[in-house]
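Written below as structure tokens is the structure these notes are about.
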There are 2 protein chains.
Amino acid sequence: MLSPKINFDTKQLPEALLPLLTFARQRNIEKGKYLVEQGLHCNLFFLVLEGVFRTYRTTDEQDFITGFTFKGDLDTNPYSLFNNIPSTETIEALTDAVVLIFPKEDLFEARNNNLPLQDFIITLLANYVETLETRLHQNRSMTAEQRYLQLLQTQPEEIKKIPLGYIASYLGITKERLSRIRKKLS
Amino acid sequence: MLSPKINFDTKQLPEALLPLLTFARQRNIEKGKYLVEQGLHCNLFFLVLEGVFRTYRTTDEQDFITGFTFKGDLDTNPYSLFNNIPSTETIEALTDAVVLIFPKEDLFEARNNNLPLQDFIITLLANYVETLETRLHQNRSMTAEQRYLQLLQTQPEEIKKIPLGYIASYLGITKERLSRIRKKLS
DNA sequence: TGCCTCTTTTGACCTAAGTCAATTCAGGAG
DNA sequence: CTCCTGAATTGACTTAGGTCAAAAGAGGCA
């Protein structure tokens, strides 16, 4: 996810995004379908109205999950979107989902004469940088168990919907290890 | 570092930064001095003209190095700068250094009527997000030795100037381990 | 030249987490 | 209900990397 928990009630989108709303299309996404694909150009960003997504990178046949996206989160691959190059990761629906899609052309169009929108994007990215740096830091300073407990604490509801193997991949550990951690904690 | 290797020859700054140049102040920084401090508001970004910096986070008396900044790199704490909140990390000169400082007020002033500058910042941040995601990914998919080799390959010159203990911290390992990795490789 | 301090190296031992392989469990399709 | 398939658990064993403590280098400077 790029942004965690935007406070949206359909009409309660962030001010800066309102001008984009006329261009946005609501779409149903089937479980297992991709919104962004590693190797292909990412030409949208989206807001999750319903469902769960995972973002992952594939190397040597192996998937590494870098994040999850839940209801109320904005997501995209900023590197691909803003540099106009192929995406370095895949974003896949883990459940049937409903999203609000903002096509790239419209975003870029709107961006040209809309300073609040630019500011909004900058803040979003700056906050995401912080999220990533914190994760990097916690990966070194905390044990797998501590990281799992922390995840439970920050995302108690959402985490229940995600298979153990995916959570393990996100935490950077094996499924066996997470299984044992859960056993120990119960 | 926020940006790696800007192609600067004093006058070869990125187009978008030129309007900021009149506000920029060149300053000498003594070894050991801070440009940004964890817990304090970050009110600048800077370009390294000479010297080396390290960025680190402190928890429980322990420092964790999140990155180095070399000649030609831009750096700041974007989270603090753009949200106007205390910095989550410290940026310290590892050697005597010379930097070009862009004060926050001037940046924010210039940002208001300068779309190319906004675009430039967005690209910078999007690229840094990618750098961080790649690091996070490599921390799980590669061994300490592979990560060290890769660092050697991408920063062969710069790395020579940095004490072993700092490199180890950056790689997320102990100094003893890095010492052994070096021994094995020689 | 010699002393002090900081950095790096080396050795012995420990532990968190991975690997592999065999079960067990759970949910959907007939 | 029963079968099948993918997910989760469990056990036995291995390993990358950490910890602690001591020794060896390597400047800087009086």
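Here is the naming used below: chain letters follow the sequence lines, and residue numbers restart at 1 for every chain.
- A donor-acceptor pair under 3.5 Å is formed between the side chain of B:R147 and the backbone N or O of B:L171.
- Between the A:S87 side chain and the A:E89 main chain, a donor and an acceptor come within less than 3.5 Å of each other.
- For the ring pair (Phe, Tyr, Trp, His ring centres under 6.0 Å) with A:F102, the qualifying choice from A:F45, A:F46, A:F108, A:F23 is A:F45, the only one to do so.
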Exercise. Decide salt bridge (charged side-chain N to carboxylate O under 4.0 Å, His left out) for A:K160 and A:E157; before the verdict, give the C-alpha distance in whole Å, the side-chain angles of both, and the deciding distance to 0.1 Å.
Key: CA-CA 6 Å; A:K160 288 181 194 156; A:E157 283 314 309; 3.2 Å; yes
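- Residue A:Y166 contributes atom OH, which lies 11 Å from atom C1' of D:dG6 at whole-angstrom precision.
- You'll find the side chain of B:T55 stays beyond 4.5 Å of the side chain of B:T90, heavy atoms only.
- Rounded to an integer number of Å, the gap from CE of B:M142 to P of D:dG17 is 11 Å.
- Using modelled atom types, one finds no donor on one side chain facing an acceptor on the other under 3.5 Å when comparing B:H137 with A:T88.
- The distance between atom OH of A:Y148 and atom P of C:dA16, rounded to the nearest whole Å, is 19 Å.
- Scanning residues 54-69 of chain A for heavy-atom distances under 4.0 Å to DNA chain D yields an empty list.
- A straight line from NZ of A:K31 to P of D:dG6 spans 13 Å, rounded to a whole angstrom.
- Under a cutoff of 6.0 Å and an axis angle of 45°, A:R54 and A:Y166 form a cation-pi pair.
- Between the CG atom of B:L185 and the P atom of C:dT9 there is a distance of 12 Å, given to the nearest Å.
- Taking the side chain as every heavy atom from C-beta outward, A:I121 and A:R111 approach each other to under 4.5 Å.
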Exercise. Starting at the 5' end of nucleotides 9-16 of chain D, put B wherever the base has a protein heavy atom under 4.0 Å, S where only the sugar-phosphate does, and a dash everywhere else.
Key: SBBB----
